[in-house]
Protein chains: 2
Amino acid sequence: MFQLSKKVEYGLIALRHIAAGSRGQIFTAKEIADKYQIPFELLAKVMQKLCKKGFVVSYQGVHGGYILVRDAHEVKVSAIINAIEEKPSVSIIQCESEKPESCIIHTTCTIKDPLVKLQSSINKVFEELSIMEMV
Amino acid sequence: MFQLSKKVEYGLIALRHIAAGSRGQIFTAKEIADKYQIPFELLAKVMQKLCKKGFVVSYQGVHGGYILVRDAHEVKVSAIINAIEEKPSVSIIQCESEKPESCIIHTTCTIKDPLVKLQSSINKVFEELSIMEMV
DNA sequence: ATAAATCGGACTGTAGCGGTCGGGTTTCTA
DNA sequence: TAGAAACCCGACCGCTACAGTCCGATTTAT
Ligand code: SF4
Ligand code: SF4
């Protein structure tokens, strides 16, 4: 529990790699997968999602690949996580990430309030780290 | 991902409940389970673990139950989590919570160092909240 | 025409988690 | 002394989420 999913880690690695290149440089999923020994198919999926969420732009065809869209300084880890996992996944408690009623004891729960505060502290941590600070 | 396990939540609720009572007061797993609509069997397991880890003392027999051992101010959420989940589970990355080799790409990983720093920030958050602050 | 790349859905195997069950031990009390 | 009430402990089960794979389609440079 509490571990980043592999998808997220692969996404971070890939974005960091792209951010480390020269501005506007294009990278293919294959070369990144090879370099870091990441399963190619899986990384491809992640890149597609990052593309749909607007972190990278994709080019199809022979010399296709991905380039970074935004300034790497502005790309925060929290945004990447939430892009790859669909639900607001940096959430410590399910009554926040899903509907409150999803937890059978949400009416009698006494720990929700303190945990929500704790949550916001954690959010800050993830929002402070940008992809650029990882190169 | 990132969600506290139910066991941990139930443990927190139970400890908070005990801490809210008068000093040295004894509580049974059953009454706590009833009060918060927690599955009894599961809570029992959690309490047993908290007992073995020295957070509470158990008394068997008809009027048995659990009482708090330490001063509630000193019982931190991080300690509770690590007691209930055996592995150091407040860990964002598996190469820290388990052996480094457990991650197939640990030799080529470029995000480990920044994530470790992020990790220590998160640890602080969990170490700052004590059970007493939740009553 | 071919090859190299993205796209996208379907599929699978596994491990972890939430929850349950059954049987045991201890201790109070009627 | 019997029974009830509590803790103790291991085994078990069903489900879901996750990691990873596969296949086929589309785009585009050469
Ligand atoms: S137990 Fe409390 S905090 Fe956890 S999900 Fe349910 S309501 Fe939210
Ligand atoms: S990907 Fe990197 S950070 Fe994540 S577990 Fe493997 S080595 Fe650690």
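Chain naming here is simple, since letters A, B, ... match the order of the sequence lines and numbering starts at 1 in each.
Put simply, chain A comes within 4.0 Å of DNA chain D, heavy atom to any atom, from D:dA19 to D:dT30, going 5' to 3'.
Computed from coordinates, the B:H63 NE2 to C:dT29 C1' distance equals 8 Å when rounded to whole Å. For the pair B:K7 NZ and C:dT20 P, the interatomic distance rounds to 13 Å; values are reported in whole Å. At whole-Å resolution of the value, CD1 in B:I38 and C1' in C:dG18 are 13 Å apart. Atom CG in A:L42 sits roughly 18 Å away from atom P in C:dT12 (whole-Å rounding). Between B:Y36 atom OH and C:dG18 atom C1' there is a gap of 21 Å when expressed in whole angstrom units. Rounded to a whole Å, the CG atom of B:L43 is 14 Å from the C1' atom of C:dT20. In this structure, B:E86 atom CD and C:dC17 atom C1' are separated by 13 Å, rounded to whole Å. Remark: C1' of C:dC17 and CD of B:E85 are 9 Å apart, rounded to the nearest angstrom.
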Practice task
Decide yes or no on ring-ring contact (aromatic ring centres under 6.0 Å, His included) for A:F126 and B:F2, but give the supporting numbers first.
Solution key: CA-CA 12 Å; A:F126 281 98; B:F2 258 73; 5.4 Å; yes
Practice task
Under the side-chain contact (heavy atoms from CB on, under 4.5 Å) rule, what do A:S121 and B:V125 come out as? Steps first, then yes or no, please.
Solution key: CA-CA 7 Å; A:S121 303; B:V125 174; 3.9 Å; yes
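Contact between A:A14 and A:L43 at its shortest, heavy atoms only, is CB-CD1, 4.0 Å. Looking at every heavy atom in both residues, B:Q119 comes nearest to B:I92 through OE1-N, 2.7 Å.
The hydrophobic clustering, which links ILVMFWY residues whose side-chain heavy atoms are closer than 4.5 Å, places A:Y59 and A:V46 apart. Under the 4.5 Å side-chain heavy-atom criterion for Ile, Leu, Val, Met, Phe, Trp and Tyr, A:I93 and A:M1 are members of the same hydrophobic cluster.
In this structure, B:Y10 reaches the C:dG19 phosphate: one of its side-chain N or O atoms is under 4.0 Å from OP1 or OP2. Close to C:dC7, at under 4.0 Å from its OP1 or OP2, lies a side-chain N or O of A:Y66. For C:dC7, one of the phosphate oxygens OP1 or OP2 lies less than 4.0 angstrom from a side-chain nitrogen or oxygen of A:S58.
A side-chain contact (heavy atoms from CB on, under 4.5 Å) with A:V69 is found for one member of A:L50, A:V75, A:V57 and no other, namely A:V57. Of the options B:K6, B:E9, B:Q3, a side-chain hydrogen bond (donor to acceptor under 3.5 Å, both in side chains) to A:Q94 is made by B:K6 and by none of the others.
There is no side-chain donor-acceptor pair under 3.5 Å between A:S130 and A:E74.
Consecutive Watson-Crick or G-U pairs involving DNA chain D, each under 3.5 Å on both distances, make up stems of three or more pairs at C:1-30 with D:1-30.
If you find the closest nucleotide of DNA chain C to A:V62 and to A:K52, the one lying nearer the 5' end belongs to A:V62. Between B:Q60 and B:K87, it is B:K87 whose nearest contact on DNA chain C lies nearer the 5' terminus. Each of B:I104 and B:C51 was assigned the nucleotide of DNA chain D with the nearest heavy atom; the assignment lying further toward the 5' end belongs to B:C51.
Closest approach to the B:K45 side chain among C:dT20, C:dT6, C:dG9 is made by C:dT20 (side chain taken as heavy atoms from C-beta onward).
Using a distance-only test at 3.5 Å, with no hydrogens or angles considered, no donor-acceptor pair links the side chain of B:S22 to the main chain of B:Q25.
Using a 4.0 Å heavy-atom distance criterion, A:A29 is classed as a sugar-phosphate-only contact.
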